[in-house]
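A short write-up of the structure that comes next.
Letters A, B, ... mirror the listed sequences (proteins, then strands); counts begin at 1. Quick note: numbers below take in every heavy atom, side chains included, and nothing from hydrogens, waters or symmetry partners.
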2 protein chains.
Amino acid sequence: MADKNHELRDKGLRLTPQRQLVLEAVRALGHATPEEVAEKVRATHPGINLSTVYRNLETLENVGLVQHTHLGHGGATYHAAEELTHLHLVCGKCGSVGDAPIETAAPFVNALIDEYGFKTDVTHFAIYGTCADCTAKS
Amino acid sequence: MADKNHELRDKGLRLTPQRQLVLEAVRALGHATPEEVAEKVRATHPGINLSTVYRNLETLENVGLVQHTHLGHGGATYHAAEELTHLHLVCGKCGSVGDAPIETAAPFVNALIDEYGFKTDVTHFAIYGTCADCTAKS
DNA sequence: ATGCGAGTTGCAAATAATTTGCAGGAAAGG
DNA sequence: CCTTTCCTGCAAATTATTTGCAACTCGCAT
Ligand SMILES: [Mn+2]
Ligand SMILES: [Mn+2]
Ligand SMILES: [Zn+2]
Ligand SMILES: [Zn+2]
């Protein structure tokens with residue numbers, strides 16, 4: 001590696017400790033709300049302001065390093081862009097979040113393209129329903 | 001029809017003008033945010049309070065007369081339960097909301113049941129992506 | 001090294017969306 | 001009617017996110 005953190009400069013962004021830490025936190029956490037990202041960052045940079053986290057998440061999303069997804073009824077959660085390679089199966093009863101390969105959705109995605117010219121991003125919203133455990137219990 | 005509005009009493013709910021109007025508004029609007037429902041109701045009942053609308057939407061959802069869906073990054077929109085018979089194709093570029101029959105998703109839904117025992121509700125979240133028009137323009 | 005200018009940050013305040021407490025008012029049933 | 005319970009309006013509280021602004025600092029050009 002020539003010099004570290006080229007990925008941020010390459011996108012035309014300044015390399016600040018806060019920004020690096022936000023990105024690292026998102027990568028470490030898998031998926032996380034802005035609040036959770038802030039919490040994680042505070043481990044090494046206690047002073048970080050929540051609004052800085054929001055702003056950096058937005059900035060990092062604009063340059064394609066992170067993305068947001070909706071797993072629940074409320075706000076968004078953030079992922080590292082590289083890591084968004086699976087569907088999220090969210091159970092409305094117990095709140096569990098399972099994964100499934102994106103290919104599972106391929107026939108559906110193709111049908112929407114063929115019939116409507118609609119290009120689906122299957123990761124933006126979670127797949128909502130009831131998990132096997134909760135179905136068994138009821 | 002024996003006597004009107006049995007549907008509310010049958011669910012064990014009191015029949016108040018506000019409640020009836022909220023339900024009618026949801027039915028008339030197709031999909032609507034709580035704010036939009038309130039607006040609609042105010043046409044005939046100007047005094048209705050927004051919190052009454054929120055409370056009634058929740059109540060009506062609990063008894064199964066309405067349901068909420070997420071069409072965008074933000075809050076929920078409400079539908080009459082009978083009316084939720086299609087997918088929502090939401091374009092992230094232009095914001096348009098198209099419809100598609102639920103059957104389009106059948107192979108996908110079946111795959112999730114077979115492979116994970118996960119029962120998908122395909123209407124809770126919209127199907128997010130880019131519409132044909134926006135794809136053409138870019 | 002030094003300095004400058006644009007991009008960033010922290011902080012406080014502003015917005016926006018939704019929820020809650022409470023006291024008065026109205027619906028259902030006897 | 002009368003009572004009980006549910007429901008409503010209103011104000012205040014929460015929660016989530018955004019914005020204005022002055023101070024700061026990163027990266028580039030002296
Ligand atoms: Mn929801
Ligand atoms: Mn979104
Ligand atoms: Zn579950
Ligand atoms: Zn579009």
Side-chain angles (χ1 to χ4, degrees), chain A residues 2-26 31-42 44-63 65-66 68-78, chain B residues 2-26 31-42 44-63 65-66 68-78:
Chain A
D3 63 75
K4 68 177 175 176
N5 262 313
H6 244 55
E7 65 185 333
L8 287 175
R9 290 239 187 74
D10 288 352
K11 303 289 187 175
L13 299 180
R14 282 195 189 170
L15 198 154
T16 70
Q18 291 90 335
R19 186 163 289 161
Q20 296 173 76
L21 288 165
V22 165
L23 180 52
E24 284 165 22
V26 170
H31 14 79
T33 62
E35 193 69 56
E36 290 164 340
V37 171
E39 188 115 355
K40 177 83 176 177
V41 172
R42 287 197 191 106
T44 44
H45 190 107
I48 196 169
N49 193 274
L50 191 50
S51 63
T52 300
V53 172
Y54 274 99
R55 285 190 278 229
N56 274 318
L57 287 171
E58 187 182 350
T59 301
L60 292 169
E61 184 158 34
N62 286 338
V63 299
L65 289 169
V66 310
H68 79 265
T69 307
H70 301 275
L71 298 183
H73 310 237
T77 60
Y78 287 82
Chain B
D3 63 77
K4 66 175 178 178
N5 262 314
H6 245 54
E7 62 183 336
L8 287 175
R9 289 235 187 74
D10 287 351
K11 303 288 186 176
L13 299 180
R14 283 193 190 170
L15 200 152
T16 69
Q18 291 90 334
R19 185 163 289 161
Q20 297 173 76
L21 288 165
V22 165
L23 180 52
E24 284 166 23
V26 169
H31 13 80
T33 62
E35 192 69 56
E36 289 165 342
V37 171
E39 190 114 354
K40 177 85 176 173
V41 172
R42 288 199 191 105
T44 44
H45 189 108
I48 195 169
N49 192 275
L50 190 49
S51 62
T52 300
V53 173
Y54 273 99
R55 284 190 279 228
N56 275 318
L57 287 172
E58 188 182 348
T59 300
L60 293 170
E61 184 159 35
N62 286 337
V63 300
L65 288 169
V66 309
H68 79 265
T69 307
H70 302 275
L71 298 182
H73 310 235
T77 61
Y78 288 81

Rounding to an integer number of Å, can you tell me how far [X] [atom1] sits from [N] [atom2]?
X      : N       : atom1 : atom2 : value
Y54(B) : dC10(D) : OH    : C1'   : 16 Å
Q20(B) : dT8(D)  : CD    : C1'   : 15 Å
K11(B) : dC7(D)  : NZ    : P     : 15 Å
E58(A) : dT18(D) : CD    : P     : 7 Å
R19(B) : dT5(D)  : CZ    : C1'   : 12 Å
R42(B) : dT8(D)  : CZ    : C1'   : 14 Å
I48(B) : dC7(D)  : CD1   : C1'   : 11 Å
E61(A) : dT17(D) : CD    : P     : 13 Å

With a 4.5 Å cut-off on side-chain heavy atoms, are L71(B) and H31(B) touching? yes

Find out whether N56(B) and L23(B) are in side-chain contact, i.e. whether some heavy atom of one side chain is under 4.5 Å from a heavy atom of the other. no

Using heavy-atom distances to pick each residue's nearest nucleotide on DNA chain C, tell me which of G74(B) and L13(A) is more 5'. L13(A)

Looking at every heavy atom in both [X] and [Y], which two are closest together, and how far apart are they?
X      : Y      : result
P34(A) : V53(A) : O-CG1, 3.6 Å
K11(B) : V63(B) : NZ-O, 3.4 Å
H70(A) : H73(B) : CE1-O, 3.3 Å
I48(B) : R42(B) : O-NE, 3.7 Å

Divergence of helical axes at both termini of the helix from dA1(C)-dT30(D) to dG30(C)-dC1(D) - five pairs an end, 10° steps: 30°

Kindly say whether, by distance alone, the side chain of R14(B) makes a donor-acceptor pair under 3.5 Å with the base of dC6(D)? yes

Does a side-chain N or O from N56(B) land closer than 4.0 Å to OP1 or OP2 of dT8(D), or not? yes

Does OP1 or OP2 of dT25(D) have a side-chain N or O of Q18(A) closer than 4.0 Å? no

Counting any heavy atom closer than 4.0 Å, what does [X] reach on the DNA or RNA strands: base, sugar-phosphate only, or nothing?
X      : answer
S51(B) : base
H45(A) : sugar-phosphate
R55(B) : base

Show your reasoning for whether side chain to side chain contact (heavy atoms under 4.5 Å, CB included) applies to L60(B) and V26(B). CA-CA 10 Å; L60(B) 293 170; V26(B) 169; 5.8 Å; no

Please indicate whether E36(A) has more than 12 foreign heavy atoms, meaning atoms of other residues, nucleotides or ligands, lying under 6.0 Å from its CD. yes

Surrounding CD of Q18(A) (heavy atoms of other residues, nucleotides or ligands, distance under 6.0 Å), is the total greater than 12? yes

Could you point out which residue of V41(A), T52(A), L65(A) forms a side chain to side chain contact (heavy atoms under 4.5 Å, CB included) with V22(A)? V41(A)

Chain B on DNA chain C: first and last contacting nucleotide, 5' to 3', under 4.0 Å to a heavy atom? dA17(C) to dA28(C)

